[in-house]
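Contents: one structure, followed by commentary.
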Amino acid sequence: VEFLIVLAVLAVVVFVVTEPLRARASAPSTDGDGRELAELEAARDAKYREIRDAELDHRTGKLSDSDFEAVDQDLRAEAIEILRALDRYHQRAK
Amino acid sequence: MALVGRALLILGLLVAVYGIGASLYGAINRRQEWVDSGRRSVYALAGLTTLAFAILEAAFLRSDFSFNVVAGHSSTTTPTFYKATAAWSSQEGSLLLWVFLLSVWSSLILFITRRRVREIAPYATAILLGFGAFFLALTVFLANPFATTSNPPAEGAGLDPLLLHPSMMFHPPMLYSGYTLLTVPFAFAIGALITGRLSSEWIAATRRFALAAWLFLGVGIVLGARWSYTELGWGGYWAWDAVENAALMPWLCATAFIHSIMIQEKRGMLKVWNVSLILGSGTLAILGTFLVRSGILDSIHAFGASTLGIPFVLLIAAMVAASVGLVVWRRSQLRSEAQLDSLLSREAVFLLQNLVLVAMVFVIFWVTFFPLISEAVTGTKVSVGPPAFRPFIVPLALVLVLLSGVGPIIAWRRVTIANLRRSFSFPASAGLATLIVLLIATDAGARPFAVAMFALGAFVVAAVAQELWRGVGARRAMTHEAAPTAFIQLLRRNRRRYGGYIVHAGVAVLLVGVAASSSFQHSHDVTLSPGQRVDVGGYTIRYVRPTAQATAAKLSFGAVLEVSKRGKHVATLTTTRGFYPATSDPTAGPVSEAFNGASDSQVGLRAGITRDIWTVINPNLQPLQPLINRGDRIFTRLMSSLTPSEARAPANVRFIAVERARAITGLASRFISHPWPVNFLLIVSPLVTWIWLGAMVIAAGGLIALWPIPVLARRRSRATYGTRLARELA
């Protein structure tokens, strides 16, 4: 019985692990564009977090109005640059 | 089922080796189907190790002594709860637990990132499977949990009595979860270095795992401290023991990492630092496992033998060499994208805090390994104890607490003096007021480091309270919500920020507890007879009466103690010392074997928010020794007078067992009928409870920070970038 259990487990493992190999070969795993998109999206999300943090810092009195204005302007300009790059990527992808 | 268990481990090892090959082949040749097959190997490994661990647990629960590991670490009299925990008290079972947890966490991260970080993931898969293969190879070739005997004993050796503590259900799995979770960002960092994809992408993918590792490891450390405090009978919770330090080092390193990755995410800075921190944390996690399981350094927490030293040393050496080599190779790509705008900014505070944490790790590493270093250099093993840590750790801890208060109230990028004044005035006043009150109203001034910690603790708690107050105020001004709703929404929408602040407050509370309990502890090592009393830290403790209990599994000698303050009753405490039979000592006589085995302590504890009264009895059994020796002689003579067939006769076996039990019970009862003076360790420590409360606050803050943030729906828009940005940020 124990031998049969081991055989059954072995069959399941082989089935699970080799399933992608039995399926039709898919697209290459990586390419330059995929890398660029992932990096741009990570940069956009980080920049959004930074803008939100600056806003919260301002609202809780840690940043003066003038400091916030300067920091926020810089951050939004950087964010817009990232959004432009993302749009350029999507246009290229079309 | 032992055969099935062993086959699962061998199959797991083969799957891990195949998965490493498939992942690397797929990554190098850009064949997604091989990468997917490699990832599925991790899922399969998780399934196989889950089954194997379930078989081992079932063997423990069934007391199947044909499994050597069950016979060696459990018995029929072991309570069911502890039978379940006994699996990881053994070397073999704990290695299986390690690989089981590793495969589960690895499956989770690889499932989550199956459509992200696709270039890094195959290498990370190979690294994670490499760890899996290493631990599986140990269980297959060196420490097989499914080894069996054809002649199983009728009774097992039982669990080490020191491990009969509720913490043992959670403490080892928590620590091992922490260690195994740390291998996840380690593996992705290695993958990022190999592929050269060193932006924040791999950090974003694994940050939550680093935070979970930090949380689990922290909870595990505190549970270990609690076990030490209530079970080991020495009166402390932290002994700067090698195994404790082995868990603390990766935790400190991970703490630094969790903070400094924020700077990389925001500013593209500290890339070398971050990758080095997580590579260091991963390596320290393996080192921690090695110290727990090898027994290479003396430890009250080590329950393993030193049979696995060489494989672990080779693994750690390979991790260090690969980490250093890859960082040096990629140094040009790891340059910072920006510079610090100002030394008065949160980035600068984080950087300083990182340096303090890493300095702590270096001190702990150096002092912990000093016995081995001294032995390697001079040939003599020089042991250094807690006093060697304190001159370095105490000042560093003070700076750390100060920075954990400054961090939350200082802005990113830049601050003005006027804002600093506004942010610091309340917390600094709270700290200063605490300092003045303590110096004027108490005699705490004699302990300057402790007083400094109290003042800084007040500063941190006030800083966090101020941040929460202002955050709620800002939210209410925008949304007009009720204060409780605004508070909850503030936490919900800024989990990472406010979860972190709550952790800082918890750290301050915990360290205030540590400072108070270690600096103002009153400890008395005293010998008392029934009726005698002693004054300890303002309390009078009277030894009321002795207690004794004899069972087949355990012999207990204890005491009832009455605690009073200025004549007013405070508590009645009971403490016992348990002695277990020396089942594996062939030299012990029939009676003395009941006294010569392992022993444990039941602490008499009255815990309170302001102080703990901690007592333990350490009975001297010397007065019983002549009677024990006499009992040994009588029973030896009796048994040797019987022929082998008479000795095996059930009636004689039963008669000897009953008489022996009666003799042992009689000996135990002499502790009550003819009480002799016994030794007690009596301790009154202030604010110990604050340590456990602080730990709970830290865990709560960690959970808040860990909880997933809802994914914001983003729609492609033709609006101007400014409008689009405003909409997406709203």
Side-chain angles (χ1 to χ4, degrees), chain A residues 1-3 5-7 9-10 12-14 16-31 34-35 38-39 41-64 66-68 70-71 74-76 79-81 83-84 87 90, chain B residues 1 3-4 7-8 11 15 18-19 22 26-27 30-37 40-41 43-44 47-48 51 116-119 122 197 199-201 204 265-267 409-416 418-419 422-423 467 470-471 473-475 477-478 494 496-497 716 721-722 724-725 728-729:
Chain A
V1 176
E2 289 184 336
F3 186 68
I5 295 171
V6 173
L7 273 183
V9 172
L10 178 65
V12 171
V13 167
V14 170
V16 168
V17 169
T18 60
E19 199 274 336
L21 303 179
R22 284 179 280 111
R24 206 153 52 88
S26 54
S29 64
T30 55
D31 56 65
R35 179 184 188 140
E39 283 180 359
E41 284 180 343
R44 177 197 60 197
D45 292 345
K47 197 57 66 184
Y48 283 6
R49 265 199 303 277
E50 214 178 338
I51 293 170
R52 288 196 188 99
D53 278 347
E55 280 173 355
L56 197 51
D57 280 349
H58 177 234
R59 283 206 300 270
T60 52
K62 276 182 280 194
L63 271 178
S64 65
S66 58
D67 276 349
F68 171 66
V71 167
D74 289 350
L75 290 173
R76 282 175 190 264
I80 286 171
E81 270 313 303
L83 289 178
R84 282 206 177 100
D87 278 357
H90 286 304
Chain B
M1 290 301 276
L3 175 72
V4 176
L8 291 174
L11 193 53
V15 165
Y18 163 79
R30 303 201 164 192
R31 299 280 297 273
Q32 186 62 39
E33 67 274 21
W34 285 93
V35 171
D36 289 344
S37 179
R40 280 167 167 259
S41 301
Y43 302 161
L48 291 169
L51 279 176
R116 293 157 55 200
V117 282
R118 297 183 84 169
E119 216 169 324
R197 299 198 60 169
S199 65
S200 301
E201 193 190 358
E265 284 179 284
K266 285 176 188 294
R267 311 292 310 278
I409 54 177
I410 196 167
W412 291 102
R413 291 199 177 218
R414 72 182 91 174
V415 282
T416 57
N419 278 91
R422 187 166 179 267
S423 296
E467 277 309 296
R470 287 184 176 178
R475 185 162 177 87
M478 278 182 359
N494 304 278
R496 200 169 165 187
R497 172 185 280 232
R716 299 286 306 283
Y721 285 109
R724 187 169 138 196
L725 186 60
E728 290 193 359
L729 284 167

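The model shown is predicted, which means the values in this text are computed figures rather than measured ones. Only this structure's heavy atoms are used, side chains among them; waters, hydrogens and symmetry mates stay out.
Between A:His58 and A:Phe68, the two ring planes are parallel [angle under 30°; tilted spans 30° to 60°].
Of the residues considered (B:Met1, B:Glu265, B:Arg475, B:Lys266), B:Lys266 shows the highest number of contacts with chain A, using heavy-atom pairs under 4.5 Å. For the set A:Leu10, A:Val1, A:Asp74, A:Thr18, the entry with the most heavy-atom pairs within less than 4.5 Å of chain B is A:Leu10. The greatest number of non-hydrogen atom pairs below 4.5 Å with chain B, out of A:Val71, A:Ile51, A:Asp67, is found for A:Asp67.
The contact between A:Ile5 and chain B is made entirely by side chain atoms (from C-beta outward), counting heavy-atom distances below 4.5 Å. With a 4.5 angstrom heavy-atom cutoff, B:Ala44 touches chain A only via side-chain atoms. Heavy-atom distances place the side chain of B:Tyr18, and not its backbone, under 4.5 Å from chain A. Contacts between B:Ser423 and chain A at a heavy-atom distance below 4.5 Å involve the side chain alone, from C-beta outward. The part of B:Leu11 that comes within reach of chain A is its side chain, from C-beta onward, which places non-hydrogen atoms under 4.5 angstrom from that chain. The part of B:Leu48 that comes within reach of chain A is its side chain, from C-beta onward, which places non-hydrogen atoms under 4.5 angstrom from that chain. B:Val15 touches chain A through its side chain: at least one heavy atom from C-beta onward sits under 4.5 Å away, while N, CA, C and O do not.
No donor-acceptor pair closer than 3.5 Å links the side chain of A:Asp57 to the backbone N or O of A:Leu63.
We find that A:Arg22 and A:Glu19 are not joined by a salt bridge, their nearest charged nitrogen and carboxylate oxygen being 4.0 Å or further apart. The pair A:Arg52-A:Glu55 does not count as a salt bridge, with every side-chain nitrogen at least 4.0 angstrom from each carboxylate oxygen. Salt bridge annotation for B:Arg116-A:Glu41: absent, with no cationic side-chain nitrogen under 4.0 angstrom from a carboxylate oxygen. A salt bridge is absent between A:Asp53 and A:Lys62; no separation between the charged side-chain nitrogens and carboxylate oxygens falls under 4.0 Å.
Here the shortest heavy-atom pairing between B:Ser41 and B:Gly19 reads OG-CA, 3.4 Å.
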